[in-house]
Amino acid sequence: MLATTLPATSATVADPLRAPAPRTVEETGLPQLFLVDLLCKILAQHGQMHLSELAGATRLPVSVLDAVLAPMRAEKLCDVTRRGASGTDADLCFNLTDLGRLRAQEAALRDAYAGPAPVAYADYVAQIRRHSVTHQPLSRAHMQRVYEGVVVRPALLDQLGAAFNSGRAIFLHGPAGSGKSYLAERLHGLLEGEVPIPHAILIDGAVVPIYDPVVHPAVPEDAPAGSQFDRRYTRDQRWVRCQRPAVLTGGELTIEMLDLRFDHGARLYQAPPHLKANGGILVIDDLGRQRCSAVELMNRWIVPLDRHVDFLALQNGYKFAVPFDMIVVFSSNLQPEELADGAFLRRLGYKIHVGPLPEPLYRTVFRQVCERLGLDWDEAMYDYLLRARHGREGRPLMACYPNDLLGQLCDLAHYEGRAARLDQAGLDWAWQNYFGASASADAAGDSTNLGDQK
């Protein structure tokens, strides 16, 4: 089966962060039989449950649960008892019968998902469109606020800002240690607003979990959402109010991870990283170091980057389109032409080089790191590092060096039980550790053993 286009959605689709919760099974957008299977699996997993516990587990109001539990009781799938003296629905307890446990086992063989009720696939697509990341215009003032305190060339910052506004993929390239990954991850701070993330979506009868607390930081509600027993309950708890997501992948990325995967042991689907990144930012770090070739990886991204749609498939062969709505940032030590052909490079709207820092900016970084680590600034020692180390060995002024080198001085000071300080012997020692003995063999004194120089 094949569904190669996104479902049509109304331009006036309600925002689940504000719209009323479903009051009937029909308003959930989920089949009645699916909800019966879901409740059977939840009861099989947890045993006897109060109605309030079922409402919390499914994130569905009692009005919906009543409409599902009534036929389950009529079909002898569950028993109900009353525990408590209040005489209200909250005292009701449900437990599966033998027939219900058999139904749960059969349902789990197809799909073991037993969590919050999913949302309909079309509703998910509608919300991605409504909260699209392309609705995030960026100004220079906002860019400067987000990168305040970050030492970066103004021209580079302008390139990143324009690239962000374009909505096209960004390719950051340059030598190791130049700060590409840091700049890429910081772009997440440019994203504003909140987005609704579903716990899961239902597509062709299969449940695909979406919400990941690591990727989707939940935003605390301004006021209590209420109780599922409150008939005026208005918030659809199947959606989580979240900050816009930021997904970072690196050398561990494989081609298989970019597809919808079904774990046959757990009997659950695992969403690919770009599906979780919808509405936010996706950073592919260390491009070229993945366990698949860069060409394979780039070819996999051609259609999504061009059409803002990707195609995934269920284990039964059903193929469907999903929104590809995110800022994609590639970061690599390699040049663009080393990673892909012209067809793909054309789809990389911005190819931005991040190189060594100019000396004034390098000095600023060095002073900032000294201040953060509690080291007294020493102009002579800084000049020594530039002249005797960077200058003599031709080492470029990379943004990562001050933190890495001065951090080693602090490590040694903690080991020796003294206050850290900037001195020539310590800088030589840290340089040798960082770049290797061969890079420092011509240093005066060749401080292999600092103890001999005290």
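Scope of the values below: all heavy atoms of this structure, side chains included, with no hydrogens, waters or symmetry mates. Quick caveat: nothing in here was measured; it's all calculated off a predicted structure.
Within the structure, every pair that satisfies the side-chain hydrogen bond (donor to acceptor under 3.5 Å, both in side chains) test and touches residues 29-41, not counting sequence neighbours, is listed here: D37-R103, D37-R110. For residues 397-415, no pair satisfies salt bridge (Lys or Arg N to Asp or Glu O under 4.0 Å), with sequence neighbours left out. Residue pairs meeting the salt bridge (Lys or Arg N to Asp or Glu O under 4.0 Å) criterion with at least one member in residues 177-192: none, sequence neighbours excluded. Residue pairs meeting the ring-ring contact (aromatic ring centres under 6.0 Å, His included) criterion with at least one partner in residues 138-166, sequence neighbours excluded, do not occur; the list is empty.
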Test side-chain contact (heavy atoms from CB on, under 4.5 Å) applied to V150 and L157, step by step:
CA-CA 10 Å; V150 179; L157 216 55; over 6 Å; no
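When the side chain to side chain donor-acceptor pair (under 3.5 Å) test is applied to Y269, no partner is found at least two apart in sequence or on another chain. Partners of T58 by side-chain contact (heavy atoms from CB on, under 4.5 Å), not counting sequence neighbours, listed by chain and number: L39, I42, L60, L65. Annotation: ring pair (Phe, Tyr, Trp, His ring centres under 6.0 Å) contacts of H353 (sequence neighbours excluded): H173. In this structure, Y350 has no ring pair (Phe, Tyr, Trp, His ring centres under 6.0 Å) partners at least two apart in sequence or on a different chain. Not counting sequence neighbours, the partners of S332 by the side-chain contact (heavy atoms from CB on, under 4.5 Å) test are F171, L287, L334, L339. Among residues two or more places apart in sequence or in another chain, the side-chain contact (heavy atoms from CB on, under 4.5 Å) test is passed with P402 by Y362, V365, F366, V369. Checked against side-chain contact (heavy atoms from CB on, under 4.5 Å), A420 has the following partners two or more places apart in sequence or in another chain: L375, C410, A413.
Salt-bridge formation is not detected for the pair R59/D236: no Lys NZ or Arg NE/NH1/NH2 atom is positioned less than 4.0 Å from an Asp or Glu carboxylate oxygen.
Between F324 and W301, a ring centre-to-centre spacing shorter than 6.0 Å is recorded.
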Show the atom names and distances, to 0.1 Å, of all donor-acceptor pairs under 3.5 Å that link a side chain in residues 306-314 to residues at least two apart or in another chain.
{"from": "D310", "atom 1": "OD1", "to": "R300", "atom 2": "NH1", "distance (Å)": "3.0"}
{"from": "D310", "atom 1": "OD2", "to": "H274", "atom 2": "NE2", "distance (Å)": "2.6"}
{"from": "D310", "atom 1": "OD2", "to": "R300", "atom 2": "NH2", "distance (Å)": "3.0"}

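Applying the 6.0 Å contact sphere to CZ of R372 captures more than 12 heavy atoms from other residues, nucleotides or ligands.
Inter-residue side-chain proximity for Y211 and P116 is flagged as unmet; no heavy-atom pair is nearer than 4.5 Å. In this structure, W239 and I197 have side chains that are not in contact, with every pair of non-hydrogen atoms separated by 4.5 Å or more.
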